[in-house]
Student: 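One structure, as structure tokens, below. Some questions next.
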Amino acid sequence: MIPVHNAGDGARFAVKVQPRAKRNAIVGQLGDALKIALTAPPLEGRANQALVEFLAEILNVPRSSITIAAGQSSRRKVVAIAGLSAEEAGRRFAPFLTPET
């Protein structure tokens, strides 16, 4: 399981984005980061927007509660989710992660 930390009024965790994939999906874990494939290209913030929308759907939270706290122009990012504890975020990610990821 990826490390999810409580920070301020929500949770934070690292992600590694793979843009221009065939489909949007959580594809596993890379070190301490959640590896996410996105169909969007890494141009003009489209991959960042797609990441926020994908995580909002997966975690069942409003898009407005998800921000990219670090790594706006990098494939490795830190995502912050307001109003969700680290424990609850971990529980919501669990169905999408297999033990070998």
Side-chain angles (χ1 to χ4, degrees):
M1 189 64 181
I2 63 159
V4 181
H5 307 284
N6 284 314
D9 66 342
R12 284 185 183 231
F13 56 93
V15 297
K16 171 79 167 145
V17 174
Q18 176 188 343
R20 291 191 174 127
K22 290 184 180 184
R23 63 185 175 94
N24 292 340
I26 295 174
V27 293
Q29 185 173 346
L30 188 62
D32 65 344
L34 185 65
K35 188 172 180 185
I36 298 178
L38 299 171
T39 58
L43 302 171
E44 301 169 357
R46 288 189 240 168
N48 288 344
Q49 182 179 353
L51 175 64
V52 168
E53 291 172 2
F54 179 70
L55 288 174
E57 182 180 325
I58 293 293
L59 296 171
N60 196 28
V61 297
R63 289 186 310 238
S64 60
S65 66
I66 299 175
T67 57
I68 298 174
Q72 288 283 338
S73 61
S74 172
R75 288 184 183 213
R76 186 167 173 85
K77 303 174 186 305
V78 175
V79 175
I81 304 172
L84 194 66
S85 71
E87 295 79 20
E88 182 61 25
R91 278 193 290 275
R92 292 185 188 188
F93 276 129
F96 302 97
L97 296 171
T98 60
E100 57 271 358
T101 60

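In this chain, numbering begins with 1 at the start of the sequence shown. As a basis for the values below, the full set of heavy atoms in this structure was taken, side chains included, without hydrogen atoms, waters or symmetry mates. If you're wondering where the values come from, they're calculated on a predicted model, not measured in any experiment.
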Student: Checking the side chain of Glu87 only, and the main-chain atoms of Ala89 only, is there a donor and an acceptor separated by less than 3.5 Å?
Tutor: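 Side chain of Glu87 to backbone of Ala89, a donor-acceptor pair under 3.5 Å: no, none is there.
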
Student: Which heavy atom of Pro19 sits nearest a heavy atom of Pro42, and at what distance?
Tutor: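 Shortest heavy-atom contact: CB-CD, 3.7 Å.
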
Student: If you group Ile, Leu, Val, Met, Phe, Trp and Tyr by side-chain heavy-atom gaps below 4.5 Å, do Val17 and Phe93 land in one group?
Tutor: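 Same cluster: Val17 reaches Phe93 through Ile, Leu, Val, Met, Phe, Trp or Tyr contacts under 4.5 Å.
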
Student: Asn6 side chain to Ala86 main-chain N or O, any donor-acceptor pair under 3.5 Å?
Tutor: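 Checked: pair present.
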
Student: Just verifying a value: how many Å separate Ile26 CD1 and Leu34 CG, rounded to the nearest 0.5 Å?
Tutor: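 With rounding to 0.5 Å, CD1 (Ile26) is 5.0 Å from CG (Leu34).
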
Student: State which residues pass side chain to side chain contact (heavy atoms under 4.5 Å, CB included) with Arg76; sequence neighbours excluded, sorted by chain then number.
Tutor: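 With neighbours one apart ignored, the set is Ala14, Asp32, Ala33, Ser74.
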
Student: Does Lys35 offer a backbone N or O that forms a donor-acceptor pair with the side chain of Lys16 under 3.5 Å?
Tutor: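 Here the side-chain-to-backbone pair does not exist.
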
Student: Do Leu84 and Val78 share a hydrophobic cluster, counting only Ile, Leu, Val, Met, Phe, Trp and Tyr and linking them when any side-chain heavy atoms are less than 4.5 Å apart?
Tutor: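 Leu84 does not cluster with Val78.
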
Student: Please check if Val52 and Val61 belong to a single hydrophobic cluster, counting links between Ile, Leu, Val, Met, Phe, Trp and Tyr side chain heavy atoms closer than 4.5 Å.
Tutor: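 Yes; Val61 is reachable from Val52 via cluster members.
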
Student: I'd like to know if Arg92 and Glu88 make a salt bridge, using a cut-off of under 4.0 Å between side-chain N and carboxylate O.
Tutor: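 Here Arg92 pairs with Glu88 in a salt bridge, since their nearest N and O are under 4.0 Å apart.
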
Student: Within the 4.5 Å heavy-atom criterion, are Leu55 and Ile81 side-chain neighbours or not?
Tutor: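 The answer is no, as the side chains (C-beta and beyond) never meet within the 4.5 Å cut-off.
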
Student: Any side-chain heavy atom of Asn48 sitting closer than 4.5 Å to one from Lys77?
Tutor: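 Yes, side chains in contact.
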
Student: Check for me, please, whether Leu38 and Ile58 land in the same ILVMFWY cluster - side-chain distances under 4.5 Å, paths through other members count.
Tutor: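 The answer is yes; both residues are in one hydrophobic cluster.
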
Student: Please give me the minimum heavy-atom distance between Ala56 and Arg63, naming the atom from each residue.
Tutor: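 Ala56 and Arg63 have their closest heavy atoms at CB-CG, 3.7 Å.
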
Student: Could you measure the distance from the CG atom of Leu43 to the CZ atom of Arg20? Nearest 0.5 Å is fine.
Tutor: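 Leu43 CG to Arg20 CZ: 5.0 Å, rounded to 0.5 Å.
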
Student: Taking the side chain from Asn24 and the backbone from Thr39, do they hold a donor-acceptor pair closer than 3.5 Å?
Tutor: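 It does hold such a pair.
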
